[in-house]
Colleague: 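A single structure is presented below for examination.
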Amino acid sequence: MRVVLIAVVITLLCAISVDSCLPTDLAALEAVKASLTESNLGLFNTWSGTDCCLNWYGVSCDPSTRRVVDLNLRGESEDPILSKSGQSGFMSGSIAPEICNLDSLTTLVLADWKGLSGQIPQCLTFLSSLRVLDLTGNKLSGVIPTDIGKLKMLRVLNLADNQISGDVPASIVNLAGLMHLDLRNNKLTGGVPAGFSNMKMLSRALLSGNQLTGSIPESIGNMPRLADLDLSRNQISGSIPDSLGNMRVLSTLNLDGNAISGELPTTLLSNHGLGILNLSRNSIEGSIPDVFHGNSYFMVLDLSYNNLKGKIPGTLSSAKYIGHLDLSHNHLCGNIPMGDPFDHMDASSFTNNDCLCGNPLSTC
């Protein structure tokens with residue numbers, strides 16, 4: 001009789017575990033739902049019942065533990081629900097702090113909802129398994145959690161296109177495994193954190209459209225995987241470190257729209273892998289180093305709106321490819337070299353210099 005009773009109890013417990021997710025996860029998701037308003041698409045209509053692992057839109061669970069591991073709600077995607085509606089999503093409200101009770105989360109995406117406001121819960125830094133944190137495209141304000149560096153498993157941090165203010169936390173440099181950092185178009189102040197180069201796995205560092213000050217750390221040149229560095233449209237000053245030109249995988253460097261001065265590093269223009277270089281709208285001085293070569297391949301080379309003097313380097317003609325070239329609004333003089341790539345350039349690439357002449361400008 002006792003054996004039968006135990007078997008019945010086990011069966012009931014199994015049934016309960018199959019038909020429901022962990023009560024703490026369920027309660028956390030219900031709190032998240034209560035703090036958000038999304039009426040256009042009715043996504044939260046699927047969030048009903050006690051089994052948050054079954055057909056809850058954007059929620060995924062570990063099949064063995066039935067813990068919520070992914071919360072993926074994106075307002076602009078190729079999801080059929082969004083595609084059929086013919087419009088991007090809109091969601092208002094704030095991120096409930098109870099979201100931090102989902103302590104098995106590996107992915108948290110609440111992105112591109114436009115109306116999501118309030119602050120980023122500081123307690124997110126306790127989600128030790130988190131690998132992806134994407135809150136881009138909202139109206140979030142306040143600061144980046146001070147202890148963001150505690151998220152040792154984090155690989156993607158995307159907080160772009162919000163209204164986040166304050167400094168980039170010093171602890172961010174402890175994210176040794178971070179691969180993608182996107183903080184563009186916020187209201188961040190202060191400088192690039194000391195020790196930024198500690199993030200050896202980082203391949204993209206996008207910090208444009210903020211109010212960052214100070215200089216570019218020389219040590220960034222020691223980041224072996226950094227392929228894309230964007231510090232444009234800030235208030236960065238000082239000179240461009242020579243070390244940036246020695247980076248083997250750097251392919252895109254955008255520093256336009258700052259207060260950078262000094263001369264152009266020779267290593268930067270002779271770098272074999274750099275394909276997009278935008279240094280426009282700064283206060284860079286001196287001449288353009290005559291160091292281009294047969295392996296130079298620039299899809300974009302923009303040095304406009306600076307204080308460059310001297311001649312256009314003749315070695316530009318030996319470059320393998322120059323797509324978009326802009327040397328306008330400087331103090332350059334002399335003949336525009338003939339041949340490729342200059343033959344296919346518009347006059348706008350050379351206007352507003354001191355005394356440039358030759359095709360496509362007036363004859364010398």
Side-chain angles (χ1 to χ4, degrees), residues 208 216 220-221 226-233 236 238-364:
S208 62
I216 303 170
I220 285 184
L226 190 61
D228 188 349
L229 176 61
D230 190 348
L231 293 171
S232 62
R233 296 180 293 115
I236 301 291
S239 59
I240 301 172
D242 288 342
S243 62
L244 297 190
N246 296 322
M247 299 177 72
R248 293 186 177 183
V249 300
L250 187 66
S251 60
T252 299
L253 179 61
N254 290 314
L255 302 178
D256 49 294
N258 282 289
I260 295 170
S261 56
E263 298 188 354
L264 288 170
T266 299
T267 55
L268 200 59
L269 295 181
S270 61
N271 186 294
H272 286 217
L274 199 56
I276 296 176
L277 178 61
N278 190 343
L279 306 179
S280 65
R281 299 182 185 276
N282 281 288
S283 300
I284 301 171
E285 305 167 326
S287 60
I288 303 174
D290 198 5
V291 291
F292 297 92
H293 48 78
N295 289 321
S296 297
Y297 193 103
F298 286 97
M299 292 176 285
V300 174
L301 178 57
D302 193 341
L303 306 178
S304 62
Y305 290 91
N306 279 289
N307 296 317
L308 296 169
K309 299 178 180 179
K311 297 181 178 182
I312 296 175
T315 53
L316 259 174
S317 298
S318 65
K320 186 174 183 179
Y321 178 77
I322 302 288
H324 173 78
L325 175 68
D326 195 344
L327 304 177
S328 66
H329 297 272
N330 280 287
H331 302 288
L332 299 172
C333 259
N335 294 341
I336 298 173
M338 299 177 65
D340 193 58
F342 301 100
D343 289 348
H344 69 265
M345 298 294 172
D346 295 330
S348 59
S349 296
F350 308 102
T351 56
N352 294 96
N353 276 285
D354 287 0
C355 45
L356 279 181
C357 58
N359 186 53
L361 300 180
S362 58
T363 56
C364 298

Colleague: Does the D302 side chain pair with the main chain of S304, one donor and one acceptor, at a distance under 3.5 Å?
Modeller: yes

Colleague: Using a distance-only test with no angle check, is there a side-chain donor-acceptor pair under 3.5 angstrom linking T315 and D290?
Modeller: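 Checked: T315/D290 side chains pair up, N/O donor to acceptor below 3.5 Å.
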
Colleague: When you measure from the side chain of N330 to the backbone N and O of N306, does any donor-acceptor pair fall under 3.5 Å?
Modeller: yes

Colleague: Within a reach of under 6.0 Å around CZ of R233, are more than 12 heavy atoms found that belong to other residues, nucleotides or ligands?
Modeller: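 Enclosed: over 12 neighbouring heavy atoms sit under 6.0 Å from CZ of R233.
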
Colleague: Would you say the side-chain atoms of N278 and S280 include a donor-acceptor pair closer than 3.5 Å?
Modeller: yes

Colleague: Is a side-chain N or O of N353 found less than 3.5 angstrom from the main chain of L332, in a donor-acceptor match?
Modeller: yes

Colleague: On a heavy-atom basis, which atom in I240 and which in L244 lie closest, and how many Å separate them?
Modeller: CG2-CD1, 3.9 Å

Colleague: Between N271 and L268, is there a donor-acceptor pair closer than 3.5 Å when you use the side chain of the first and the backbone of the second?
Modeller: no

Colleague: Could you tell me whether the side chain of P360 reaches within less than 4.5 Å of the side chain of F350, counting heavy atoms only?
Modeller: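 Contact flag for F350/P360 side chains = yes.
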
Colleague: Take the angle between the ring planes of H272 and H293 and call it parallel below 30°, perpendicular above 60°, tilted in between.
Modeller: tilted

Colleague: I need the E285 CD to I260 CD1 distance, nearest 0.5 Å.
Modeller: 12.5 Å

Colleague: Looking at P337, is its backbone amide N or carbonyl O close enough to the side chain of N335 to form a donor-acceptor pair, meaning the two atoms are under 3.5 Å apart?
Modeller: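 No; zero donor-acceptor contacts below 3.5 Å.
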
Colleague: Would you say that L316 contacts I322 through its side chain, given a criterion of any heavy-atom pair below 4.5 Å between the two side chains?
Modeller: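 Answer yes - side chains close enough.
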
Colleague: Do T266 and D242 have side chains that approach each other closer than 4.5 Å (heavy atoms only, starting at C-beta)?
Modeller: no

